[in-house]
Every structure is written in structure tokens, then in C-alpha cells.
S.K.: 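Structure incoming, see below.
In what follows, every chain begins at residue 1, and chains take the letters A, B, ... in the order their sequences are listed.
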There are 2 protein chains.
Amino acid sequence: MLDYDPATCAIGGAVAILGDRPTFLVLREAFMGVRRFGDMLRRTAMPRQVLADRLAHLVAEGLLRKAAYRDAGQRTRHEYRLTAKGLDLYPVLVALMQWGDRYAAGSAGAPILLTHRDCGEPVTLGLVCGARHELDSARDVTPLPGPGARKIA
Amino acid sequence: MLDYDPATCAIGGAVAILGDRPTFLVLREAFMGVRRFGDMLRRTAMPRQVLADRLAHLVAEGLLRKAAYRDAGQRTRHEYRLTAKGLDLYPVLVALMQWGDRYAAGSAGAPILLTHRDCGEPVTLGLVCGARHELDSARDVTPLPGPGARKIA
DNA sequence: CAGTATCCCAAGCGATACTG
DNA sequence: CAGTATCGCTTGGGATACTG
């Protein structure tokens with residue numbers, strides 16, 4: 001067991017930003033290409049206030065940005081788009097989806113299939129080491145103190 | 001944009017089980033090898049009640065199991081260990097950690113380094129397709145309706 | 001349409017004390 | 001040591017109404 005400092009572990013920091021359930025759902029919608037307030041409201045079925053809060057939070061954290069756009073002949077509206085920081089969260093969402101497909105899904109199978117845009121093959125998330133070995137389980141990983149390690153408790 | 005049914009997306013199911021911040025922290029500790037109530041209490045600095053709740057929840061969901069053990073000459077105690085279902089959550093935690101190291105960490109760098117047990121090389125989580133292409137971004141992924149798809153909203 | 005304002009109520013936190 | 005019991009209090013959810 002690694003003797004690391006829980007306070008510095010990045011999981012805590014990440015979870016502090018991502019926060020709670022509604023936030024994850026908003027991010028899911030964003031990755032699915034939903035960009036408008038009303039669409040998110042309908043699809044996530046969360047109260048307006050909650051959605052507004054989470055969107056504001058995600059914008060403040062730099063995961064989403066508010067972008068103006070105008071359809072021809074319409075007045076200006078705006079939409080929420082993922083920033084680079086937000087896009088980099090993709091593995092987290094995919095990992096959740098893969099686990100959910102396996103353990104929290106109905107018997108019907110995965111409702112969404114991720115495929116490689118270039119070749120069409122299904123995409124999965126996996127652990128790979130620097131020597132290109134593919135690891136199957138958490139048991140194949142040894143955690144060590146990193147550059148920013150401070151051992152405490 | 002994929003026209004999927006938000007209600008059946010496995011991300012929702014996964015997040016419904018994993019729940020909230022404290023739950024993630026408990027899981028983090030479990031993956032770090034912390035198994036005892038008191039250790040988790042001290043390291044996560046959460047109220048006893050909250051920890052007890054989350055542990056019970058994770059046991060009920062089948063992510064942790066309570067195992068009895070006895071050190072020589074001591075009375076029986078028990079500890080919390082990850083089940084297979086819990087261990088399979090590892091990519092989620094690693095993904096959170098990688099993102100946190102990049103965006104939520106101090107300047108000191110990652111406090112924890114994951115290495116391959118067999119060869120010692122650093123381990124990373126990545127998207128790979130069936131044709132062994134490595135994908136860099138969410139933009140390289142095309143979501144399609146899967147076997148369990150029901151399109152609604 | 002895209003939010004903000006308001007209000008009420010339920011859930012959950014945090015502290016302290018107690019039990020096996 | 002490993003929890004359970006209790007409690008005050010704050011946070012945050014959910015509904016409704018209002019504004020640009």
C-alpha cells in the first residue's frame with residue numbers, strides 16, 4: 001500500500017471540480033453534442049435552476065465556454081461548448097460509460113457504441129504502459145510516489 | 001450529434017451508483033489499499049457518519065465486501081475489500097487522476113505515479129480501437145446507436 | 001428561448017455522545 | 001476500534017413565477 005498524502009491526490013481535486021451527479025449529466029450531454037440550455041433541460045430532466053447553476057460552474061471552471069451564434073434570420077443565441085480542458089475529460093466519461101454498460105445497464109446491451117471515426121472499429125479505454133504492454137486489471141499496476149509526492153498519512 | 005435516449009445511457013446509471021464526492025474518496029482509498037474504517041476516517045477527514053453511510057452503500061451495491069480477519073492474538077476485526085465489480089472501476093479512478101494531475105494539481109507535479117507491475121514503465125489510460133489505433137481526442141470518436149439503443153429525445 | 005428570483009421543504013452534513 | 005444514535009443547522013432540490 002502506497003503511503004501517499006490524501007490531500008494532494010489529484011482524484012480529490014478532480015472530484016471537487018466535477019462535483020456531483022447533475023454536473024456529470026451536463027458533461028455527458030455536452031459530449032453528446034447537446035449545446036443549448038433548453039435541450040439539456042429537456043434531456044436531463046433536471047430543474048432549471050440546477051442546470052443553470054451547473055453550467056455556470058462549468059464555465060467558471062473553464063470546462064465549458066459560452067459561445068454566441070446566429071442562425072440566418074434569427075436573433076443571436078448562445079450555446080455551451082466544451083473547451084480543451086473539458087474535452088480532456090472524455091476518458092472519465094468513457095470509463096463511466098463502459099462500467100455502467102457492464103454493471104448498471106439493462107439486459108438490452110449498451111445503448112451507445114463508440115467507434116473510431118477513421119476506421120469504424122469500436123473504441124475501448126485501456127491501460128497501457130510505456131513498453132506498450134496492455135494491462136487488464138488494477139492488480140497489474142504498482143503505484144509509486146511521483147514528482148509531487150509528499151508522504152504524510 | 002447522436003440521437004440517443006438520455007435515460008438509458010449507462011453514464012447515468014454509473015453515476016447514480018457512485019453517487020457523490022465522499023463515495024469517490026472512499027473508492028480512492030480502497031484502491032490505494034486502505035481497508036480499515038479508522039484509516040479511511042483519518043485519511044479522508046470525513047465525518048464518521050458519512051463514511052459509514054458510504055461504506056454501507058458500496059457494500060450494498062457490491063463494490064466492496066466486508067471481510068473478517070484476525071491478527072495473531074488479536075480479536076476478530078473486519079476490513080473492506082474491493083470486489084471484482086469494484087476493481088473494474090479502476091479506469092474511472094485513473095481517468096480522474098490523470099485529468100486532475102493535469103488540471104487540478106499544484107505545480108509540484110503528480111503525487112502518484114502508476115507503473116506496470118511487471119516492467120516498471122509508467123501506465124496511462126488511453127482510447128484504442130479494434131484495429132489498434134490509438135485515439136488522442138474525443139473528436140476522433142463517433143458515437144453510434146448500440147445493441148440496447150432506444151432513440152427518444 | 002434562456003435564464004433569474006423566490007420560496008418551501010427535504011436531504012445531508014458535521015459534531016457529540018453512546019454501545020459492543 | 002468500529003461503528004450507531006441523535007440533533008441542530010445549512011445546503012441544495014423542486015416548483016412556480018417573473019424578466020430580457
S.K.: Looking at Ala67(A), is its backbone amide N or carbonyl O close enough to the side chain of Arg35(A) to form a donor-acceptor pair, meaning the two atoms are under 3.5 Å apart?
M.R.: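 Here the side-chain-to-backbone pair does not exist.
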S.K.: Among the candidates dG3(C), dG14(C), dG3(D), find the nucleotide nearest to the side-chain atoms of Phe37(A).
M.R.: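 Comparing dG3(C), dG14(C), dG3(D) against the side chain of Phe37(A), the answer is dG3(C).
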S.K.: What is the distance, rounded to the nearest whole Å, between atom CZ of Arg21(B) and atom P of dT11(D)?
M.R.: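 Rounded to the whole Å, the gap is 13 Å.
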S.K.: Looking only at side-chain atoms of Tyr80(B), point me to the closest of dG3(D), dT4(C), dC13(C).
M.R.: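 Comparing dG3(D), dT4(C), dC13(C) against the side chain of Tyr80(B), the answer is dG3(D).
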S.K.: Starting at atom CG of Leu51(A), determine the distance to atom P of dC1(C), rounded to an integer number of angstrom.
M.R.: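 Computing the Leu51(A):CG to dC1(C):P distance gives 14 Å.
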S.K.: Could you check how far CD of Glu79(A) sits from P of dG3(C), rounded to whole Å?
M.R.: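 Answer to the nearest Å: 11 Å.
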S.K.: Any sub-3.5 Å donor-acceptor pair from His57(A)'s side-chain atoms to Ile17(A)'s backbone N or O?
M.R.: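 Yes, His57(A) side chain to Ile17(A) backbone: donor-acceptor pair under 3.5 Å.
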S.K.: Can you figure out which of dA2(D), dG13(D), dC13(C) approaches the side chain of Arg36(B) most closely?
M.R.: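 Nearest nucleotide to the side chain: dA2(D).
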S.K.: Distance check needed: dT4(C) C1' versus Asp53(A) CG, whole Å only.
M.R.: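 Value for this atom pair: 10 Å.
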S.K.: Determine yes or no for a side-chain-to-main-chain donor-acceptor pair under 3.5 angstrom, with Thr83(A) supplying the side chain and Leu63(A) the backbone.
M.R.: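 Yes, the answer is positive, given that a donor and an acceptor are paired below the 3.5 Å cut-off.
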S.K.: Side-chain N or O of Arg54(B) versus OP1/OP2 of dC13(C): is the shortest distance under 4.0 Å?
M.R.: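 Yes, within the criterion.
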S.K.: As a test of reading the structure: which of dG3(D), dT6(C), dA2(C) is closest to the side chain of Gln49(A), going by heavy atoms?
M.R.: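 Ranking dG3(D), dT6(C), dA2(C) by closest atom to the Gln49(A) side chain puts dT6(C) first.
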S.K.: Has Trp99(B) got a side-chain atom pairing as donor or acceptor with Gly86(A)'s backbone, closer than 3.5 angstrom?
M.R.: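 Pair absent, no side-chain N/O of Trp99(B) close to backbone of Gly86(A).
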S.K.: Look at the side chain of Thr115(B) and the backbone N and O of Thr142(A), then say whether any donor-acceptor pair between them is shorter than 3.5 Å.
M.R.: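 Here the side-chain-to-backbone pair exists.
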S.K.: What would the secondary structure line of DNA chain C be in dot-bracket form, counting Watson-Crick and G-U wobble pairs under 3.5 Å, with [ ] for pairs that cross earlier ones and | for pairs with another strand?
M.R.: ||||||||||||||||||||
S.K.: Please state how far atom NZ in Lys66(B) lies from atom P in dC1(D), giving the value in whole angstrom units.
M.R.: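 That distance rounds to 17 Å.
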S.K.: Quick one: sort the Phe24(B) and Phe24(A) rings into parallel, tilted or perpendicular, breaks at 30° and 60°.
M.R.: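 It falls in the parallel class, under 30°.
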S.K.: Output the rounded distance in Å from CG (Asp20(A)) to P (dT11(D)).
M.R.: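 Value for this atom pair: 15 Å.
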S.K.: Side-chain N or O of His78(B) less than 4.0 angstrom from OP1 or OP2 on dC1(D)?
M.R.: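 It does not, given that no N or O in the side chain of His78(B) lies less than 4.0 Å from OP1 or OP2 of dC1(D).
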S.K.: Does the side chain of Tyr80(B) come within less than 4.5 Å of Arg65(B)'s, by heavy atoms?
M.R.: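 Arg65(B) vs Tyr80(B): side chains apart.
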S.K.: dC18(D) P sits how many Å from Arg48(A) CZ, rounded?
M.R.: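 So the two atoms are 14 Å apart, to the nearest Å.
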S.K.: What is the distance from CG of Leu41(A) to P of dG14(D), rounded to the nearest Å?
M.R.: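 Value for this atom pair: 12 Å.
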